Amino acid sequence: MHDIKLIRDNPAGFDAALARRGLAPLGAALVEEDARWRAVSTALQEGLARRNEASKAIGQAMAKGDTATAETLKAEVAALKARLPELEAEERTLAEALQTRLAAIPNLPAADVPDGADETANVEEHRWGTPRTFDFTPQDHADFGPALGLDFEAAAAMSGARFAALRGGMARLHRAIAQFMLDRQTGANGYEEVNPPLLVRDDAVFGTGQLPKFAEDLFRTTTGHWLIPTAEVSLTNIVRDKFLGEADLPLRFTALTPCFRSEAGAAGRDTRGFIRQHQFEKVELVAIATPEQAAAEHAHMVASAQGILEALGLPYRRVLLCTGDMGFSAAKTFDLEVWLPSQGVYREISSISTCDDFQARRMNARYRPEGEKGTRFVHTLNGSGLAVGRTLVAVLENYQNADGSVTIPEALHPYTGGLTTLTPR
RNA sequence: GGAGAGGUGGCUGAGAGGUCGAAAGCACCGCACUCGAAAUGCGGCGUGCCGGCAACGGUACCGUGGGUUCGAAUCCCACCCUCUCCGCCA
């Protein structure tokens, strides 16, 4: 959510930032709407002030037993009051309209984000690891996975497309990956483990920015709850409506949760395999920071996610997203992309964003700066550390053998109960 | 699901139609006392919005939304949440 006061002060600057995102100018229209609201709001406040003044006088007159004066004033206020409901209604309508417009505008890109229309303008910043040279043609996990316990058929029969059942060693490997990640993030990386709600209300999803614009990407229950599309929603909303002390910051949260996405806009994309599912698990990282801490937290989060890939020996690259490829709430985003030998490309496995105070405004999350009066909005950051399903795919493909088996990376051995290889049945 | 109790400032907690943005205590900040500290005393201390360079003024906010009234933290209605007991249940 944007601060109307900043737009009021510099509508041209606001439009320039929107243009970087490929959006049409809105500044002038917003400023005009804001001016109309303020005019009505001021008129309403003046009316209320007069009413309050007179009511107070009535109280004093009655205390003195001066009923005549009291009755005169009562008539006066009654007349004045006839006008107030209209003003109130108008003020509310205008305020809501302005809020609705503001709520639909994405965050503005940070200054150091490269301009661009789509992913082709993203900037590769870093590469780690050398893709393995195979002495056979590496296969797609969707082809050799089923023999190892990746059961798409059974899942399709009960749930339809974009679902899978993991069985036997495959399920164990998946669980091992998740536990390994969670242990890393709660250990040296300093994130507090959270087991959060998976069903949340409108306000929570509005707070992180998935609502109101992206309802069609989410699943909704008959009770009106939303299934979280990412634990970013649950973890970030921990601080909703809070006034934090500066000494409490930064807060770091992590959670291993299922994520649910309707994939409404992805028809036909990644229909084979385990890459894009309606339901998947992810270890999410969230940080709540002061504006001054945010950049360092972003770097720490990136390092925390990269550390997983490095420990698993999975080649990856880090990409700085351009203005046109960023999500709604993000001011600056790094994607980590893991090497998939069957496709011969790097595929997104983590997205790590700083949202400055955009989400904090939406959920009213503030802190009291030390040695300063008043309050400020916190900065929020989120990132995957990592997506478990896609990590499973990366492990399968990068560690596959000519005979259709998969060697489990050593870092996972403490979690696999002695299992070191997945062997076709 | 049934019965009951309750949601007030950072915390505890009073207030039960008017001068209540709200007592008191704790916490916090400033000043005094002190070599320093503790203790003590004095003062300050909510948030949003609008106006103002500012001092400050106005307005809204006592779970949320409506209603009654000249006037609502206080009365009425609905909803949300918390707690206790009973039932059911992983």
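Chain naming here is simple, since letters A, B, ... match the order of the sequence lines and numbering starts at 1 in each. All values derive from a computational prediction rather than experimental measurement.
- If you measure from atom CD of A/E88 to atom P of B/rC50, you get 18 Å, rounded to the nearest angstrom.
- A/Q279 is linked by a side-chain contact (heavy atoms from CB on, under 4.5 Å) to A/F163, A/F260, counting only residues two or more places apart in sequence or in another chain.
- Sequence neighbours left out, the pairs with a member in residues 183-210 of chain A that pass ring pair (Phe, Tyr, Trp, His ring centres under 6.0 Å) are A/Y191-A/H300.
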Listed pairs under 3.5 Å, donor-acceptor, residues 247-255 of chain A side chains, sequence neighbours left out:
unit_1: A/D248; atom_1: OD2; unit_2: A/G245; atom_2: N; d: 3.1
unit_1: A/R252; atom_1: NE; unit_2: A/E297; atom_2: OE1; d: 3.0
unit_1: A/R252; atom_1: NE; unit_2: A/E297; atom_2: OE2; d: 3.3
unit_1: A/R252; atom_1: NH1; unit_2: A/N189; atom_2: O; d: 3.4
unit_1: A/R252; atom_1: NH2; unit_2: A/E297; atom_2: OE2; d: 2.8
unit_1: A/T254; atom_1: OG1; unit_2: A/E284; atom_2: O; d: 2.8

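- Qualifying side-chain contact (heavy atoms from CB on, under 4.5 Å) partners for A/A142, counting only residues two or more places apart in sequence or in other chains: A/D140, A/R272.
- Near RNA chain B, meaning a heavy atom under 4.0 Å from it, residues 234-241 of chain A has no residue at all.
- Ring orientation note: the planes of A/F334 and A/H298 are tilted relative to one another, at an angle of 30° to 60°.
- A/Y367 places its OH atom 19 Å from the C1' atom of B/rC28, with the value rounded to the nearest Å.
- B/rG18 and B/rU74: their C1' atoms are spaced 11 Å apart (whole Å).
- In terms of modelled atom types and a separation under 3.5 Å, the side chain of A/Q400 and the main chain of A/E397 share a donor-acceptor contact.
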Pick out the pairs of N or O atoms, protein on one side and nucleotides 63-66 of chain B on the other, that lie under 3.5 Å.
unit_1: B/rG66; atom_1: OP1; unit_2: A/R92; atom_2: NH1; d: 2.6
unit_1: B/rG66; atom_1: OP1; unit_2: A/R92; atom_2: NH2; d: 2.6

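- Close to B/rC49, at under 4.0 Å from its OP1 or OP2, lies a side-chain N or O of A/K5.
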Q) Between A/F377 and A/F358, is a ring-ring contact (aromatic ring centres under 6.0 Å, His included) present by the stated rule, with each step listed? A) CA-CA 9 Å; A/F377 288 105; A/F358 185 83; over 10 Å; no
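- Taking every heavy atom of both residues into account, A/L392 and A/I177 meet most closely at CA-CD1, 3.7 Å.
- For the strand RNA chain B, secondary-structure stems (runs of at least three Watson-Crick or G-U pairs, all distances below 3.5 Å) span B:1-7 with B:80-86, B:10-12 with B:24-26, B:28-32 with B:40-44, B:46-51 with B:56-61, B:63-67 with B:75-79.
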Extract from the structure each pairing of a protein N or O with an N or O of nucleotides 73-83 of chain B at less than 3.5 Å, listing the distance.
unit_1: B/rC80; atom_1: O3'; unit_2: A/R201; atom_2: NH1; d: 3.4

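- Nearest heavy atom pair, residue A/S329 against residue A/G209, reads OG-CA, 3.6 Å.
- In this structure, A/L173 and A/L166 have side chains that are not in contact, with every pair of non-hydrogen atoms separated by 4.5 Å or more.
- In this structure, the CZ atom of A/F377 is 9 Å from the C1' atom of B/rG48, given to the nearest Å.
- Panel note: side chain A/D15, backbone A/L26; a donor-acceptor pair is recorded below 3.5 Å.
- Put simply, the side chain of A/H141 gets close to the backbone of A/F274: a donor and an acceptor are under 3.5 Å apart.
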List the atom pairs, with distances to 0.1 Å, where a side-chain N or O of residues 108-115 of chain A and a protein N or O form a donor-acceptor pair under 3.5 Å, not counting sequence neighbours.
unit_1: A/D112; atom_1: OD2; unit_2: A/K332; atom_2: NZ; d: 2.7
unit_1: A/D115; atom_1: OD1; unit_2: A/R20; atom_2: NE; d: 2.7
unit_1: A/D115; atom_1: OD1; unit_2: A/R20; atom_2: NH2; d: 3.0

Q: Assess whether salt bridge (charged side-chain N to carboxylate O under 4.0 Å, His left out) is satisfied between A/R318 and A/E125, documenting all intermediate values.
A: CA-CA 6 Å; A/R318 183 175 74 238; A/E125 288 199 329; 3.1 Å; yes
Between protein and nucleic acid, restricted to nucleotides 57-61 of chain B and to nitrogen or oxygen atoms under 3.5 Å apart, what atom pairs and distances do you find?
unit_1: B/rG58; atom_1: N2; unit_2: A/Q45; atom_2: OE1; d: 2.8
unit_1: B/rG58; atom_1: N2; unit_2: A/Q45; atom_2: NE2; d: 3.1
unit_1: B/rG58; atom_1: N3; unit_2: A/Q45; atom_2: OE1; d: 3.3
unit_1: B/rU59; atom_1: OP1; unit_2: A/N52; atom_2: ND2; d: 3.4
unit_1: B/rA60; atom_1: OP2; unit_2: A/N52; atom_2: ND2; d: 3.4

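- Distance check, rounded to the nearest 0.5 Å: CD of A/E96 to CZ of A/R101 gives 15.0 Å.
- Taking atom P on both B/rA37 and B/rC28, the two are 16 Å apart, rounded to the nearest angstrom.
- Toward the 5′ end of RNA chain B lies the nearest nucleotide of A/T375, the other residue of the pair A/T375 and A/I58 mapping further downstream.
- Within a heavy-atom distance below 4.0 Å of RNA chain B, no residue of residues 100-108 of chain A is found.
- Of the possible polar contacts, none joining the A/T236 side chain to the A/T208 backbone as a donor-acceptor pair under 3.5 Å is found.
- Straight-line distance from the NZ atom of A/K56 to the P atom of B/rA72: 13 Å, rounded to whole Å.
- Separating the CD atom of A/E91 from the P atom of B/rC49 is a distance of 14 Å, rounded to the nearest angstrom.
- Computed from coordinates, the A/L87 CG to B/rC50 C1' distance equals 15 Å when rounded to whole Å.
- Between A/F243 and A/Y367, the distance from one ring center to the other does not fall under 6.0 angstrom.
- Look at A/R368 and you'll find a side-chain N or O under 4.0 angstrom from OP1 or OP2 of B/rU47.
- Look at CG on A/D34: it is 12 Å from P on B/rC49, rounded to the nearest Å.
- Near RNA chain B, defined here as any heavy-atom distance below 4.0 Å, the residues from residues 36-44 of chain A are A/W37, A/R38, A/T42, listed numerically.
- Formation of a donor-acceptor pair under 3.5 Å by the A/T380 side chain with backbone atoms of A/A360 is not found in this model.
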